[in-house]
Amino acid sequence: MTSDLFADEEQNRTWRDELCPDAVVLRHFAVAEQTAILAAIRDISDAAPFRHMLTPGGYSMSVAMTNCGAHGWVTDRLGYRYATLDPQSGKPWPPMPAVFRALARDAAASAGFEDFEPDACLINRYAPGARLSLHQDKNERDFAAPIVSVSLGIPAVFLFGGLQRRDKPLRVPLTHGDVVVWGGAARLRYHGVLPLKEGVHPLLGGQRINLTFRKAG
DNA sequence: AAGTTTCC
DNA sequence: CGAA
């Protein structure tokens with residue numbers, strides 16, 4: 001783990017604490033590749049448009065989602081799962097761009113998780129007011145691989161909870177280019193995103209986009 | 001419940 | 001606003 005990647009040592013201590021050795025925030029990690037990343041997101045969403053999926057309870061999610069890679073996370077009345085085909089088109093999800101894979105692997109390695117091989121990238125688009133309530137990522141086949149989460153656009157507050165829903169979450173402000181990595185003992189920690197506040201980003205306008213890399217299959 | 005509403 |  002390379003400590004010079006951390007801009008805010010006060011907050012880093014929270015994440016690298018003995019209670020949470022397997023979760024890291026990499027500040028402004030993705031900024032150098034932002035042009036290529038944003039172009040790739042545009043290409044992906046042309047082929048597999050963002051959509052508001054339904055929860056098993058029948059509610060529409062406030063976050064608009066699409067995927068790239070071999071496996072895509074989907075939800076509908078039947079439940080949460082990964083699908084190799086986009087339910088909306090019947091076609092495979094767009095392939096994961098090389099710049100995505102490289103970013104995810106580099107971030108994972110910087111956090112101490114070598115040889116991460118993501119086969120799923122969920123792309124979440126937040127408009128003001130959009131949120132993600134506290135949940136665990138547990139639809140993956142095994143939990144050996146970490147999660148890599150890339151923030152782009154206007155700021156959000158990430159909630160990082162414990163292994164039980166009742167554990168009070170940490171509140172971690174995330175801005176454009178921040179990358180959160182968690183795995184190992186932290187792999188199943190609850191997490192979420194507070195309702196997005198209004199804002200403007202020079203490249204992304206009034207929205208936030210998050211890339212979440214996982215090994216699903 | 002990867003959501004919503006209600007209550008204090 | 002957070003908790004139920």
Side-chain angles (χ1 to χ4, degrees), chain A residues 14 20 22-23 25 41 44-45 48-88 93 96 100 104 118-143 145-174 178-183 186-199 207-217:
Chain A
T14 304
C20 189
D22 294 323
V25 182
I41 292 169
I44 291 162
S45 61
F50 287 102
R51 79 291 305 263
H52 295 271
M53 299 183 190
L54 293 181
T55 67
Y59 292 97
S60 179
M61 297 185 71
S62 58
V63 177
M65 300 175 161
T66 186
N67 291 277
C68 66
H71 302 270
W73 188 85
V74 297
T75 176
D76 58 23
R77 289 174 193 81
L78 301 177
Y80 309 134
R81 63 193 178 279
Y82 282 91
T84 56
L85 304 180
D86 177 352
Q88 198 161 284
W93 299 102
M96 188 181 299
F100 277 29
D119 59 15
C121 175
L122 174 63
I123 306 174
N124 288 339
R125 187 184 66 192
Y126 295 72
R131 75 184 74 97
L132 215 49
S133 62
L134 216 56
H135 67 278
Q136 292 173 300
D137 290 9
K138 55 181 182 182
N139 299 118
E140 297 73 27
R141 187 179 301 281
D142 74 76
F143 304 132
I147 311 275
V148 174
S149 171
V150 178
S151 293
L152 299 166
I154 64 177
V157 177
F158 183 63
L159 301 172
F160 194 66
L163 295 176
Q164 303 195 279
R165 186 178 286 277
R166 65 172 177 270
D167 299 333
K168 183 182 177 181
L170 300 173
R171 291 179 174 218
V172 184
L174 295 179
D178 290 348
V179 180
V180 186
V181 182
W182 68 100
R187 176 61 180 73
L188 287 172
R189 286 179 71 145
Y190 279 87
H191 56 282
V193 178
L194 286 182
L196 201 74
K197 292 182 181 174
E198 298 268 1
Q207 64 176 347
R208 170 175 189 262
I209 288 181
N210 179 76
L211 311 176
T212 307
F213 295 92
R214 307 183 181 93
K215 180 169 169 49

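Every chain is numbered from 1, with letters handed out A, B, ... down the list of sequences. Quantities reported herein were computed from a predicted structural model and do not represent experimental measurements.
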Quiz prompt | side chain to side chain contact (heavy atoms under 4.5 Å, CB included) involving A:Lys138 - partner list, sequence neighbours excluded | solution = A:Gln136, A:Phe143, A:Leu188

Practice problem: Could you tell me which residues satisfy side chain to side chain donor-acceptor pair (under 3.5 Å) with A:Arg51, sequence neighbours excluded, listed by chain and number? | Solution: A:Asp86

Quiz item: Among all residues two or more places apart in sequence or in another chain, which pass the salt bridge (charged side-chain N to carboxylate O under 4.0 Å, His left out) test with A:Arg189?
Solution: none

Self-check item: For A:Trp73, side chain to side chain donor-acceptor pair (under 3.5 Å) partners two or more places apart
Solution: A:Asn139

Self-check item: From CG (A:Leu54) to CG (A:Leu78), nearest 0.5 Å
Solution: 10.5 Å

Quiz item: Between A:Arg165 and B:dA1, does any side-chain N or O lie under 4.0 Å from OP1 or OP2?
Solution: no

Quiz item: Of the non-hydrogen atoms in A:Pro169 and A:Leu134, which two are nearest, and what is the gap between them?
Solution: CG-CD2, 4.0 Å

Exercise. Kindly write out the residues that satisfy ring-ring contact (aromatic ring centres under 6.0 Å, His included) with A:His191, not counting sequence neighbours, or none if the list is empty.
Key: A:His135, A:Trp182

Self-check item: Interface residues of residues 49-61 of chain A with DNA chain B (non-hydrogen, below 4.0 angstrom)
Solution: A:Thr55, A:Tyr59, A:Ser60, A:Met61

Quiz prompt | Results of side chain to side chain donor-acceptor pair (under 3.5 Å) for A:Asp76 - residues two or more places apart only | solution = A:Arg81

Quiz prompt | Nearest-angstrom distance, C1' atom, B:dT5 to B:dA1 | solution = 13 Å

Quiz prompt | Qualifying residues under salt bridge (charged side-chain N to carboxylate O under 4.0 Å, His left out), relative to A:Asp22, sequence neighbours excluded | solution = none

Self-check item: Spatial distance of atom SG (A:Cys121) from atom CD1 (A:Ile41) [nearest 0.5 Å]
Solution: 8.0 Å

Quiz prompt | A:Asp167 side chain vs A:Gly161 backbone, donor-acceptor pair below 3.5 Å | solution = no

Quiz item: Among residues 67-86 of chain A, which residues get a heavy atom nearer than 4.0 Å to DNA chain B?
Solution: A:Trp73, A:Tyr80

Quiz item: Can you give the dot-bracket line for DNA chain B, using ( ) for pairs inside the strand, [ ] for pairs that cross earlier ones, | for pairs with another strand and . for unpaired bases, where Watson-Crick and G-U count if both distances are under 3.5 Å?
Solution: ....|||.

Exercise. Quickly work out the A:Met65 CE to B:dA2 C1' distance and round it to whole Å.
Key: 6 Å

Could you go through nucleotides 2-4 of chain C and list every protein N or O atom that sits under 3.5 Å from one of its N or O atoms, giving the distance for each pair?
residue : atom : partner  : partner atom : Å
C:dG2   : OP1  : A:Arg171 : NH1          : 3.2
C:dG2   : OP1  : A:Arg171 : NH2          : 2.3

Quiz item: Can you tell me how far P of B:dA2 sits from OH of A:Tyr190, to the nearest Å?
Solution: 8 Å

Quiz item: What pairs with A:Pro56 under side chain to side chain contact (heavy atoms under 4.5 Å, CB included), at least two apart in sequence or on another chain?
Solution: A:Thr75, A:Tyr80

Self-check item: Straight-line distance of A:Arg187 CZ to A:Arg214 CZ, nearest 0.5 Å
Solution: 7.5 Å

